[in-house]
Peer 1: 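One structure, pasted below without further comment.
All ligand and atom numbering here is 1-based and tracks the order in the structure.
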Amino acid sequence: MGFRYAKCGIPSMTVDVRGLGVKCSECKREEAVVDLKYARKKLCGKCFSDFFVRRVKRTVEKYRMFGPKDRVAVAVSGGKDSVALLDALKKAFPEQDIVAFYIDLGIHHYSEHLREKVKALSERVGVPLYVYDLKEREGYVIDDFLRTKFRSKMCSVCGIIKRGVFTQMAAEVGATVLATGHNLDDTVGTMLSAFFAGDFESISRLKPVLKPLIPGQPKKVKPLFNTPEIEDLYYVVLNDLPVQECNCPHSFGASVSRYKRMLDQMEEGNPNVKYQLLSVFLKKLVPMYERVKSLEEGGVSAPLEVKECRICGLPTSSSDGVCSKCRRVALLKEKGGQKLEVSPEEVLEMLRRGERVMFIDTRKREVYEGERIRGALNIPREEFEANQRRIIKKLRRKYGKRAVFITYCYAGRESYPVAVALQRGGLRAYSLKGGISAWKEAGGEVETLTGVEA
Ligand code: SF4
Ligand code: ZN
């Protein structure tokens, strides 16, 4: 059973769950399907899942992540890490008060999909789900940032918004602990990149437990910080958990961090390398850095001055008293509305006005060749994904900034991310609402192999 996974921010990751031709090193009965080289074990599906849950339990206990009285909120995005975390935590601590948090970021086609997955997951695991709908609660969505200067840094804005919202949700439902799905590869990859930048402060923030800055904030814990990323995916697949199946449109063009790739290469020669680095960072570097810092500050670490944000009331240490989330949201208010989708009627109107409209069919070549909107170019979505930069450059050179690009597919799901990426590349682009069928219904022209039809 092969499973291709589209991760938030990373194009894909594949696991192949297949018999390894040897018996499981634990139960000695079933055929092994997962090879854990660093632990010199080959495990069957059941023994692997038990091993996974045991590690989560041990990690929580060893680092005292929470106690029996805590209400633990798990930040669930629908991606493999948080999905595995919620299921494993509940199995490891069946008596614990655990709830799931989901933020509907309003990322068109994507957030709806994830919301369904997370709902199914929380029902299956048996924990209450709290959903924070960004549009309903705050009046904007992540897609809106495409019209701000942050359009090339969507994930960083999104991260800041999510952080603020989780703090607020925790306060609303009385969660004392917030658990997130950061895995070993995330942790060591980020540590390495911060190390090369000499940013030891960031490394010390990667500790598996972060105490609240001010009373009332939840404690932040990472029960998967020592779980290799690929094992989260194995766990999800072997337990058949509902998980995200499509990619965020804003992650188009994002690539796996250089350092994560480097670590994967190093792992080929040394299966333990990620654990070794983790241990050096957490046991040697971070304590040393913290000692030096406190000496520099005269033995007492200067308390960070934390106040309440003037706008939303969440804690912030910024000098002007406005938190980084509110500062970004304020930008949206300055700009007028800009949309990402247009209806066929609006496009017909653009044509009547004599605007230079270029259609881009994002479906597969065979389909495009069968029937397409008159004059449309064909850039299949996968081809676009692979050569995004080059294609945008070419379109800009060939058609100029004045042209309006209308992307379409059958129903809009495939063409939407392409329109998002084109807008991010500075072009005027919209996705056609309802796709080619709505276009035909509205009386738009299509061409087939045999000629033009209205
Ligand atoms: Fe993830 Fe970035 Fe999409 Fe936010 S914008 S959901 S961080 S890929
Ligand atoms: Zn604020």
Peer 1: Please determine if K80 and E229 form a salt bridge, counting it only when a charged side-chain N lies under 4.0 Å from a carboxylate O.
Peer 2: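 Counted as a salt bridge, because a side-chain N and a carboxylate O are separated by less than 4.0 Å.
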Peer 1: Looking at K162, which atoms of ligand 1 are within less than 4.0 Å of one of its heavy atoms?
Peer 2: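 Listed by number with element, the hits are 4 (Fe), 7 (S).
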Peer 1: Evaluate the ring planes of F195 and F281, with Trp represented by its six-membered ring, and classify them as parallel (under 30°), tilted (30 to 60°) or perpendicular (over 60°).
Peer 2: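 Ring orientation, 0 to 90° scale: perpendicular.
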Peer 1: Does F225 have its ring centroid less than 6.0 Å away from the ring centroid of Y63?
Peer 2: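 Yes; Y63 has its ring centre under 6.0 Å from that of F225.
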Peer 1: Report, in ascending order of atom number, the atoms of ligand 1 lying under 4.0 Å from any heavy atom of C248.
Peer 2: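 Contacts of ligand 1 toward C248, numbered from 1: 3 (Fe), 5 (S), 6 (S), 8 (S).
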Peer 1: Under 2.8 Å from atom 2 (Fe) of ligand 1, can any N, O or S atom of C158 be found?
Peer 2: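 Checking C158: none of its N, O or S atoms is under 2.8 Å.
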Peer 1: Centroid-to-centroid, F405 to F359, below 6.0 Å?
Peer 2: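 When the ring centroids of F405 and F359 are compared, they turn out to be at least 6.0 Å apart.
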